[in-house]
Amino acid sequence: MNIHPKTILCVAAVTIAALSAAPAFAEWPEKPITIIYPWPAADPTSVAIRTIGELVSEELGQPVVINNVTGAGGTKALATAISAEADGYTLVSNWVAAQVGAKLFNPDLPYSNDNFVPVAGIFAIPFTLTVAADHPANDIAEFVDWAKAEGRTLNFGVCAPQSVPRLIGEQFMTVAEVSYNPIPFNGGCGGDNVTGLLNGTLDASVAVVPLINAFAGQIKHLGLITDERHPIDPELPSAAEQGYPVGWGDNAFGWGGLAALSGTPDDVVEKLQAAFGAVLTGDALAEKLEGNVGAMIKYVSPEDSQKLWDESAVLLAPHVENVLKSGN
Amino acid sequence: MTELFQIATDLIGWSALLSLIVGLSIGIIVGALPGVGPLLGVIMAIPFTFYAEPVTAMALLIGIYQGGSYGGAVAATMIGIPGTPMAAATMLDARPMALAGRASEAVTLSTIGSAFGGVISALVLIAVAPELAAIALRFGPAETAAFALLGLTALGALSGNVPMKGWAMGFLGLFIATIGLDPVSGVQRFTFGSPYLDAGIALVPFLVGLFSISEVLMQVETPVRASDNDTGAAASAKAFGSLLARPFNYIRSSLMGVFVGIIPGIGGVTASFLSYRLAMSFPKKDDPDFGEGNPDGVIASETANSAVTGGALIPMMALSIPGDPIVAVLMGGLMLQGVQPGPQLFLQNADVAQGIFLIFLIGAVLLLPLGLMFMRGVVRILKLPQWSIMAGVLMISLIGTYSVSRQINDLWLLLVFGLLGYVLRKANYPLAPLVIGFVLGPIFESNFRRSVLVSQGDLLAYIQTRPITMAVLCAVALFIALPLLRQLIGPKR
């Protein structure tokens with residue numbers, strides 16, 4: 001590992017600052033901060049959150065511990081979080097899938113947007129339209145032309161049955177006026193749906209960009225189901241520029257962020273927001289996280305995060321209803 | 001061969017070898033502890049691999065994977081509790097053997113079987129991994145569903161004299177597996193509005209409760225314990241003799257394991273039971289009946305579930321398709337090393353790929369001495385008073401179950417299934433079919449439902465375009481029809 005002299009200087013400066021300022025912070029934080037994280041420890045975003053945690057712990061002078069509470073599409077993490085004290089020592093990584101999507105599908109979940117206070121938006125993962133490598137189409141426009149010429153109902157992989165990528169994918173197919181048959185898979189966007197493309201079960205699938213590394217030469221991304229191109233792969237055209245605007249803006253992403261629990265003292269929330277904001281917009285993080293993981297990081301301010309939460313809930317509601325009505 | 005040797009000395013080196021031995025030892029121990037299991041083992045080992053060389057890192061993880069698939073058999077034989085779900089099939093005969101004074105022989109058989117299955121699957125891995133990976137791609141939803149159905153046909157056969165009890169337990173297992181969110185529509189089933197049950201019944205509390213807690217309750221009533229009439233050399237001689245006396249079983253079970261391993265999403269439990277079921281079709285005259293201490297049952301199950309490990313690495317390395325949750329973690333570990341599995345692995349990182357193959361082969365061989373050493377230790381533990389062993393089992397079961405999910409509800413579930421297991425055993429209902437139903441139910445259901453969706457309403461026409469599905473369904477029909485025919489025509493034993 002290469003350690004920059006600058007990094008050492010930085011760490012030293014932060015440490016000295018932290019040490020000299022210690023009395024002023026006596027009330028908070030005086031013990032380690034835990035982030036409840038919904039995805040497994042080996043997940044690339046888990047690596048990112050660990051790195052962010054390390055940098056924030058330098059800011060705050062207390063360790064930041066990542067607790068991976070996985071399962072039930074991220075809802076377990078949120079359900080676990082709300083039973084903790086609202087003291088700023090327990091934070092939770094809130095993702096659109098669990099906080100908004102799952103809540104719409106299952107109103108019985110014990111939490112809602114009101115249980116959480118935004119600390120920062122951290123991730124924004126764009127979704128792709130993906131086919132097997134030998135598919136005749138090479139971009140989204142060609143794909144839609146091909147689909148219409150085929151004149152049959154396409155088998156379309158949509159990730160998990162009650163997932164946000166499913167809603168985004170179906171919205172795209174609706175905009176493109178392609179007749180499709182949604183096929184859900186367990187295990188999200190990066191597993192069995194790709195196998196489905198490879199063994200001919202599916203005609204096309206919603207997927208995510210980094211899969212191209214694992215399945216190089218076996219699949220190809222036709223484009224992003226977004227309104228604009230994205231730094232994760234600037235070569236990939238957006239659906240909008242190919243003539244099929246999904247029109248969901250920032251809501252067309254699998255976004256994930258960090259939230260404190262409602263009722264956390266305002267001054268603590270402000271300290272958290274400042275610390276995470278500084279790390280997420282700072283150079284140290286950009287240096288440490290390169291490639292695909294780095295490109296999925298997108299800082300969103302607390303105010304805009306709150307707006308995103310509310311917008312997503314309104315935008316996704318009718319689509320969830322459609323899915324529930326269709327029965328599969 | 002000289003090339004392989006060169007790779008061995010250059011690439012593997014002492015650090016990787018040491019990490020392999022550590023991994024195997026951890027694997028055997030976590031496999032033997034009820035509730036802990038190799039999955040938790042590899043997850044907890046991941047952080048230790050961050051700063052190691054790729055081959056050294058993978059040696060640790062692969063060691064745990066291989067050791068874990070064997071460790072369960074030791075607990076199953078000695079204490080009557082399968083440490084892992086795969087060992088549930090091994091226990092059917094290993095436990096009766098142990099109670100009849102053949103404990104060391106049964107564990108030695110498991111060790112030999114595990115090493116044998118591992119070596120065969122390593123050789124297959126080395127020889128034809130990329131070619132075989134193509135098989136994984138031929139298994140779409142219809143094929144997988146048909147294969148799960150084939151596994152379910154073992155239900156009736158595993159219930160001793162009353163097949164109806166086996167079927168009843170199998171269907172109970174299928175029912176318990178339906179609890180949670182519907183895999184296709186996401187609708188809640190039998191959750192009573194509880195978000196905890198949305199995720200379904202977890203395998204660990206189900207299995208540990210059913211076997212571990214119920215065993216403790218049974219032992220409180222009437223203590224029974226494993227014993228050895230032959231110790232040391234005599235038991236080993238008998239066990240090693242089986243290599244010559246039953247070579248066909250070892251080879252058949254290994255190939256079955258490799259094949260099942262290659263198919264994504266089927267896994268070691270199915271392989272063990274299918275292999276066991278197959279062994280039942282070739283009974284030897286002088287052996288006890290299956291389920292009453294037949295060495296062939298132990299060999300079939302243990303050899304097959306070890307061979308699965310090599311089989312499952314094939315699609316992971318060649319196609320980046322992880323066939324089971326443990327392999328998915330291994331894949332994560334590999335990717336954290338900056339090594340991308342997939343078709344280009346053999347081109348860009350050929351040294352890593354070959355290193356992993358070699359580690360796997362050495363691991364399979366090392367399993368034999370390490371496993372036998374471990375057995376000596378366990379035999380010593382068994383000399384402790386029975387009450388202390390059972391108290392330890394109860395404690396480890398609770399801690400192990402809690403540590404997997406860190407949810408207190410899982411412990412309640414553990415106790416519920418413990419009571420269920422106790423009641424069923426008192427009423428002489430077999431537990432193995434319950435496990436098969438529970439494990440295969442979701443695999444069958446989600447893939448069957450997906451086949452119906454993909455067929456767009458015409459399932460029969462769709463199946464006719466899938467030759468593998470047709471072939472497997474024919475095998476299903478045969479498995480069901482043959483025992484019936486034998487009952488009608490053949491002489492009664």
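Note that the structure is predicted; figures quoted are calculated from it, not measured. Below, chain A is the first sequence line, B the second, and so on; all start at residue 1.
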B/P183 versus A/P161, closest heavy-atom pair with distance: O-CG, 3.3 Å
Proximal component of B/L345, with respect to chain A [non-hydrogen, under 4.5 Å]: neither
Return yes if some donor-acceptor pair links the side-chain N/O of B/Q456 with the main-chain N/O of A/T153 below 3.5 Å, else return no. yes
Applying a strict 4.5 Å limit to non-hydrogen atoms, the region of A/A79 in contact with chain B is neither
Does A/F215 form a side chain to side chain contact (heavy atoms under 4.5 Å, CB included) with B/I321? I'd like the steps, not just the answer. CA-CA 9 Å; A/F215 296 98; B/I321 298 173; 4.0 Å; yes
From CG (B/D182) to CD (A/Q162), nearest 0.5 Å: 9.0 Å
Answer yes or no: does atom CD of B/Q340 have more than 12 heavy-atom neighbours from other residues, nucleotides or ligands under 6.0 Å? yes
Who among A/L198, A/L211, A/N213, A/D108 has the most heavy-atom pairs with chain B under 4.5 Å? A/N213
Under 4.5 Å from any heavy atom of chain B, what part of A/L154 do you find: side chain, backbone, both or neither? backbone
Contact origin within B/Y196 toward chain A - heavy atom pairs under 4.5 Å: neither
Atom pair CG/CG of B/L181 and A/N106 - distance to nearest 0.5 Å: 7.0 Å
A/Y89 atom OH, neighbour heavy-atom count above 12 within 6.0 Å: yes
Among the listed options A/L202, A/N67, A/T75, A/L109, the residue most often paired with chain B at heavy-atom distances under 4.5 Å: A/N67
B/E143 CD to A/T201 OG1 distance, which is reported to the nearest 0.5 Å: 7.5 Å
As an exercise, state the distance from CD of B/Q407 to OG1 of A/T80, rounded to the nearest 0.5 Å. 6.0 Å
B/L453 backbone acceptor or donor facing A/N181 side chain under 3.5 Å: yes
For the student: nearest non-hydrogen atoms of A/A214 and B/S320, plus distance: O-OG, 2.6 Å
What residue in B/G140, B/P264, B/P442 has the most heavy-atom pairs under 4.5 Å with chain A? B/G140
How many angstroms lie between OG1 in B/T144 and CG in A/N199, if you round to the nearest 0.5 Å? 8.0 Å
CZ-CD distance between A/F105 and B/Q188, expressed to the nearest 0.5 angstrom: 12.5 Å
